[in-house]
Amino acid sequence: MWKWLHPYAKAENCYRLCGTLLPWFSVIALLSILIGTVWGLMFAPSDYQQGDSFRIIYLHVPAAIWSMGAYMSMAIAAFIGLVWQIRLSNMAALAMAPIGAVFTVIALLTGAIWGKPMWGAWWVWDARLTSELILLFLYLGVIALYNAFDDQKTAGKAAGILAIVGVINLPIIHFSVEWWNTLHQGATITKFAKPSIATSMLWPLLLNLLGFACFFGALTMIRLRNEIVARESHRPWVRALMK
(Lines give C-alpha, C1' and ligand atoms only; values in the text may rest on other atoms or scores of the structure.)
Protein backbone atom coordinates (compact mmCIF):
# COMPACT_ATOMS: atom_id res chain seq x y z
CA MET A 1 0.00 0.00 0.00
CA TRP A 2 2.78 2.40 0.94
CA LYS A 3 4.50 1.70 -2.38
CA TRP A 4 1.29 2.72 -4.14
CA LEU A 5 0.80 5.86 -2.04
CA HIS A 6 4.44 6.99 -2.00
CA PRO A 7 4.47 8.59 -5.49
CA TYR A 8 1.58 10.85 -4.43
CA ALA A 9 3.68 12.37 -1.68
CA LYS A 10 5.15 14.40 -4.54
CA ALA A 11 3.26 17.68 -4.93
CA GLU A 12 2.84 17.48 -8.69
CA ASN A 13 1.46 13.93 -8.62
CA CYS A 14 -0.90 14.77 -5.76
CA TYR A 15 -2.15 17.86 -7.60
CA ARG A 16 -2.95 15.84 -10.70
CA LEU A 17 -4.57 13.00 -8.71
CA CYS A 18 -6.86 15.49 -6.98
CA GLY A 19 -7.76 16.92 -10.37
CA THR A 20 -8.68 13.43 -11.60
CA LEU A 21 -10.80 12.53 -8.57
CA LEU A 22 -12.45 15.92 -8.05
CA PRO A 23 -15.18 15.60 -10.74
CA TRP A 24 -16.23 12.18 -9.43
CA PHE A 25 -16.48 13.35 -5.84
CA SER A 26 -18.33 16.50 -6.92
CA VAL A 27 -20.93 14.64 -8.99
CA ILE A 28 -21.56 12.01 -6.31
CA ALA A 29 -21.85 14.73 -3.66
CA LEU A 30 -24.29 16.79 -5.74
CA LEU A 31 -26.53 13.86 -6.67
CA SER A 32 -26.51 12.28 -3.20
CA ILE A 33 -27.28 15.51 -1.33
CA LEU A 34 -29.92 16.57 -3.86
CA ILE A 35 -31.74 13.21 -3.86
CA GLY A 36 -31.33 12.60 -0.13
CA THR A 37 -32.52 16.07 0.85
CA VAL A 38 -35.54 16.12 -1.46
CA TRP A 39 -36.44 12.57 -0.41
CA GLY A 40 -36.07 13.34 3.27
CA LEU A 41 -37.84 16.71 3.27
CA MET A 42 -40.70 15.89 0.94
CA PHE A 43 -41.32 12.14 0.84
CA ALA A 44 -40.16 10.62 4.13
CA PRO A 45 -43.02 10.10 6.62
CA SER A 46 -43.42 12.41 9.61
CA ASP A 47 -42.14 11.27 12.98
CA TYR A 48 -44.90 10.12 15.33
CA GLN A 49 -43.51 12.28 18.19
CA GLN A 50 -41.64 15.17 16.56
CA GLY A 51 -43.80 15.59 13.46
CA ASP A 52 -42.04 17.37 10.62
CA SER A 53 -39.47 18.93 12.97
CA PHE A 54 -37.42 15.74 12.75
CA ARG A 55 -36.56 16.49 9.10
CA ILE A 56 -33.71 18.73 10.18
CA ILE A 57 -31.76 15.51 10.82
CA TYR A 58 -31.07 15.28 7.08
CA LEU A 59 -28.77 18.26 7.49
CA HIS A 60 -27.87 18.06 11.18
CA VAL A 61 -26.79 14.43 11.42
CA PRO A 62 -24.47 14.39 8.35
CA ALA A 63 -22.90 17.67 9.45
CA ALA A 64 -22.39 16.40 13.01
CA ILE A 65 -20.97 13.03 11.95
CA TRP A 66 -18.61 14.51 9.40
CA SER A 67 -17.52 17.28 11.75
CA MET A 68 -15.96 14.41 13.71
CA GLY A 69 -14.90 12.51 10.59
CA ALA A 70 -13.17 15.57 9.20
CA TYR A 71 -11.36 16.09 12.50
CA MET A 72 -10.14 12.50 12.56
CA SER A 73 -8.96 12.81 8.95
CA MET A 74 -7.16 16.05 9.80
CA ALA A 75 -5.52 14.47 12.85
CA ILE A 76 -4.33 11.47 10.82
CA ALA A 77 -2.84 13.79 8.20
CA ALA A 78 -1.18 15.84 10.94
CA PHE A 79 0.23 12.67 12.53
CA ILE A 80 1.71 11.55 9.21
CA GLY A 81 3.20 15.00 8.74
CA LEU A 82 4.78 14.93 12.21
CA VAL A 83 6.12 11.38 12.10
CA TRP A 84 7.20 11.04 8.46
CA GLN A 85 7.79 14.74 7.77
CA ILE A 86 5.64 14.75 4.65
CA ARG A 87 4.81 18.35 3.73
CA LEU A 88 1.73 17.38 1.76
CA SER A 89 0.20 15.85 4.87
CA ASN A 90 0.43 19.18 6.67
CA MET A 91 -1.08 20.89 3.64
CA ALA A 92 -3.92 18.36 3.64
CA ALA A 93 -4.58 18.92 7.35
CA LEU A 94 -4.65 22.68 6.79
CA ALA A 95 -7.05 22.19 3.88
CA MET A 96 -9.43 20.09 5.98
CA ALA A 97 -9.56 22.31 9.06
CA PRO A 98 -11.88 25.12 7.82
CA ILE A 99 -14.24 22.61 6.19
CA GLY A 100 -14.56 20.64 9.41
CA ALA A 101 -15.11 23.89 11.32
CA VAL A 102 -17.98 24.83 9.00
CA PHE A 103 -19.53 21.37 9.42
CA THR A 104 -19.33 21.86 13.19
CA VAL A 105 -21.01 25.26 12.96
CA ILE A 106 -23.79 23.76 10.82
CA ALA A 107 -24.26 20.96 13.36
CA LEU A 108 -24.46 23.43 16.25
CA LEU A 109 -26.84 25.81 14.46
CA THR A 110 -29.19 23.10 13.20
CA GLY A 111 -29.12 21.48 16.62
CA ALA A 112 -30.14 24.81 18.17
CA ILE A 113 -32.96 25.23 15.63
CA TRP A 114 -34.23 21.75 16.48
CA GLY A 115 -33.69 22.21 20.21
CA LYS A 116 -35.89 25.32 20.53
CA PRO A 117 -39.21 23.57 19.78
CA MET A 118 -38.14 20.25 21.33
CA TRP A 119 -36.41 21.46 24.52
CA GLY A 120 -37.75 25.00 24.76
CA ALA A 121 -34.24 26.49 24.55
CA TRP A 122 -31.76 27.33 21.81
CA TRP A 123 -28.85 26.10 23.91
CA VAL A 124 -28.29 24.06 27.05
CA TRP A 125 -24.96 23.00 28.52
CA ASP A 126 -25.67 19.41 27.59
CA ALA A 127 -22.69 17.02 27.40
CA ARG A 128 -23.13 16.39 23.65
CA LEU A 129 -23.59 20.08 22.80
CA THR A 130 -20.71 21.22 24.98
CA SER A 131 -18.26 18.65 23.59
CA GLU A 132 -19.32 19.58 20.04
CA LEU A 133 -18.64 23.24 20.87
CA ILE A 134 -15.20 22.24 22.16
CA LEU A 135 -14.64 20.56 18.79
CA LEU A 136 -15.26 23.91 17.08
CA PHE A 137 -12.71 25.57 19.37
CA LEU A 138 -10.20 22.84 18.53
CA TYR A 139 -10.69 23.48 14.82
CA LEU A 140 -10.25 27.22 15.33
CA GLY A 141 -7.14 26.57 17.41
CA VAL A 142 -5.60 24.40 14.69
CA ILE A 143 -6.37 27.02 12.04
CA ALA A 144 -4.92 29.78 14.23
CA LEU A 145 -1.70 27.84 14.88
CA TYR A 146 -1.21 27.11 11.18
CA ASN A 147 -1.30 30.85 10.57
CA ALA A 148 0.54 31.99 13.70
CA PHE A 149 4.08 31.24 12.51
CA ASP A 150 6.00 32.45 9.49
CA ASP A 151 7.92 29.19 9.38
CA GLN A 152 5.63 26.57 7.82
CA LYS A 153 7.44 23.67 9.49
CA THR A 154 6.98 25.16 12.97
CA ALA A 155 3.35 26.00 12.22
CA GLY A 156 2.67 22.48 10.99
CA LYS A 157 4.23 20.93 14.07
CA ALA A 158 2.34 23.13 16.56
CA ALA A 159 -1.00 22.72 14.79
CA GLY A 160 -0.40 19.00 14.30
CA ILE A 161 0.21 18.42 18.01
CA LEU A 162 -3.03 20.21 18.91
CA ALA A 163 -4.95 18.25 16.26
CA ILE A 164 -3.67 14.93 17.60
CA VAL A 165 -4.32 15.82 21.25
CA GLY A 166 -7.82 16.97 20.34
CA VAL A 167 -8.77 13.49 19.11
CA ILE A 168 -9.56 12.62 22.73
CA ASN A 169 -12.69 14.79 22.37
CA LEU A 170 -14.17 12.59 19.62
CA PRO A 171 -15.13 9.58 21.79
CA ILE A 172 -16.44 12.04 24.38
CA ILE A 173 -18.80 13.51 21.75
CA HIS A 174 -19.89 10.09 20.54
CA PHE A 175 -20.43 8.41 23.91
CA SER A 176 -21.61 11.47 25.85
CA VAL A 177 -25.26 10.40 25.53
CA GLU A 178 -24.36 7.06 27.13
CA TRP A 179 -21.91 8.26 29.78
CA TRP A 180 -24.06 11.11 31.13
CA ASN A 181 -27.74 11.85 31.58
CA THR A 182 -28.28 14.26 28.69
CA LEU A 183 -31.18 15.85 26.83
CA HIS A 184 -29.73 14.85 23.49
CA GLN A 185 -31.27 11.69 22.08
CA GLY A 186 -29.21 8.52 21.85
CA ALA A 187 -27.72 6.75 18.85
CA THR A 188 -29.93 5.98 15.87
CA ILE A 189 -28.15 4.90 12.70
CA THR A 190 -25.03 3.71 14.53
CA LYS A 191 -27.03 0.90 16.15
CA PHE A 192 -26.64 -1.39 13.14
CA ALA A 193 -28.29 -4.38 14.81
CA LYS A 194 -31.52 -2.44 15.34
CA PRO A 195 -31.42 1.19 14.17
CA SER A 196 -33.83 3.51 16.01
CA ILE A 197 -35.20 4.92 12.77
CA ALA A 198 -37.62 3.59 10.18
CA THR A 199 -36.15 2.37 6.90
CA SER A 200 -38.17 4.92 4.93
CA MET A 201 -36.45 7.67 6.94
CA LEU A 202 -33.05 5.97 7.01
CA TRP A 203 -32.28 5.72 3.29
CA PRO A 204 -32.39 9.47 2.52
CA LEU A 205 -30.25 10.05 5.61
CA LEU A 206 -27.66 7.54 4.37
CA LEU A 207 -27.64 9.28 0.98
CA ASN A 208 -26.92 12.60 2.67
CA LEU A 209 -24.18 11.00 4.75
CA LEU A 210 -22.55 9.81 1.51
CA GLY A 211 -23.10 13.21 -0.08
CA PHE A 212 -21.54 15.11 2.80
CA ALA A 213 -18.55 12.75 2.79
CA CYS A 214 -17.95 13.31 -0.93
CA PHE A 215 -18.58 17.04 -0.49
CA PHE A 216 -15.91 17.10 2.21
CA GLY A 217 -13.54 15.19 -0.09
CA ALA A 218 -14.21 17.54 -3.02
CA LEU A 219 -13.67 20.70 -0.97
CA THR A 220 -10.52 19.24 0.56
CA MET A 221 -9.08 18.49 -2.87
CA ILE A 222 -9.89 22.00 -4.11
CA ARG A 223 -8.24 23.60 -1.09
CA LEU A 224 -5.27 21.21 -1.25
CA ARG A 225 -4.69 22.00 -4.93
CA ASN A 226 -4.76 25.71 -4.15
CA GLU A 227 -2.35 25.23 -1.25
CA ILE A 228 0.04 23.24 -3.44
CA VAL A 229 0.03 25.93 -6.12
CA ALA A 230 0.62 28.66 -3.52
CA ARG A 231 3.54 26.88 -1.87
CA GLU A 232 5.08 25.42 -5.03
CA SER A 233 4.69 28.52 -7.20
CA HIS A 234 8.45 28.60 -7.85
CA ARG A 235 8.43 25.11 -9.37
CA PRO A 236 8.64 24.83 -13.16
CA TRP A 237 5.56 22.59 -13.39
CA VAL A 238 3.45 25.18 -11.55
CA ARG A 239 4.74 27.97 -13.77
CA ALA A 240 3.90 25.89 -16.82
CA LEU A 241 0.45 25.22 -15.37
CA MET A 242 -0.22 28.92 -14.90
CA LYS A 243 0.66 29.79 -18.52
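Any value given below was found using the heavy atoms of this structure, including those in side chains, with hydrogens, waters and symmetry copies removed.
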Sequence neighbours excluded - side chain to side chain donor-acceptor pair (under 3.5 Å) pairs with any residue from residues 13-24
E12-R16, Y15-R225
Test: side chain to side chain donor-acceptor pair (under 3.5 Å). Region: residues 28-41. Which pairs qualify, not counting sequence neighbours?
T37-N208
Got a sec, which hydrophobics cluster with I28, joining ILVMFWY side chains under 4.5 Å apart, including via others?
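Other cluster members: L210.
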Could you tell me if the side chain of [Y] sits less than 4.5 Å from the side chain of [X], heavy atoms only?
X: R231; Y: R87; value: yes
X: L94; Y: N90; value: no
X: L133; Y: W123; value: yes
X: L135; Y: Y139; value: yes
X: Y146; Y: Q152; value: no

CA sep, side-chain torsions, deciding dist, call: R223, E227, salt bridge (Lys or Arg N to Asp or Glu O under 4.0 Å)
CA-CA 6 Å; R223 287 182 49 80; E227 191 69 23; 5.6 Å; no
Report the distance from atom [atom1] of [X] to atom [atom2] of [Y], rounding to the nearest 0.5 Å.
X: S53; Y: I113; atom1: OG; atom2: CD1; answer: 11.5 Å
X: S26; Y: L21; atom1: OG; atom2: CG; answer: 10.0 Å
X: F54; Y: H60; atom1: CZ; atom2: NE2; answer: 13.5 Å
X: N169; Y: L138; atom1: CG; atom2: CG; answer: 5.5 Å
X: T104; Y: I173; atom1: OG1; atom2: CD1; answer: 7.5 Å
X: L22; Y: C214; atom1: CG; atom2: SG; answer: 11.5 Å

Please enumerate all residues that pass ring-ring contact (aromatic ring centres under 6.0 Å, His included) together with W203, with sequence neighbours excluded.
none
Using the ring-ring contact (aromatic ring centres under 6.0 Å, His included) criterion, which residues pair with F25? Sequence neighbours excluded.
none
Quick check: does any side chain N or O of R55 sit under 3.5 Å from a backbone N or O of D47, one acting as donor and the other as acceptor?
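Looks like no, no N/O pair under 3.5 Å.
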T130 side chain to A127 main-chain N or O, any donor-acceptor pair under 3.5 Å?
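Answer holds: no.
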Show me the donor-acceptor pairs, under 3.5 Å and distance only, between side chains in residues 62-82 and residues at least two apart or in other chains.
from, atom 1, to, atom 2, distance (Å)
W66, NE1, L209, O, 3.0
S67, OG, A64, O, 2.5
S67, OG, E132, OE2, 2.9
Y71, OH, L162, O, 3.4
Y71, OH, A163, O, 2.9
S73, OG, G69, O, 2.9

Is it true that atom CG of D151 has more than 12 heavy atoms of other residues, nucleotides or ligands lying nearer than 6.0 Å?
yes
Kindly check if the number of other-residue, nucleotide or ligand heavy atoms within 6.0 Å of CE (M242) is above 12?
yes
Short side-chain donor-acceptor distance under 3.5 Å, E232 and W237:
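Not at all, the side chains of W237 and E232 share no donor-acceptor pair under 3.5 Å.
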Could you go through S46 and D52, starting from their C-alpha distance and side-chain angles, then the distance that decides it, and tell me whether this counts as side-chain hydrogen bond (donor to acceptor under 3.5 Å, both in side chains)?
CA-CA 5 Å; S46 298; D52 288 327; 2.6 Å; yes
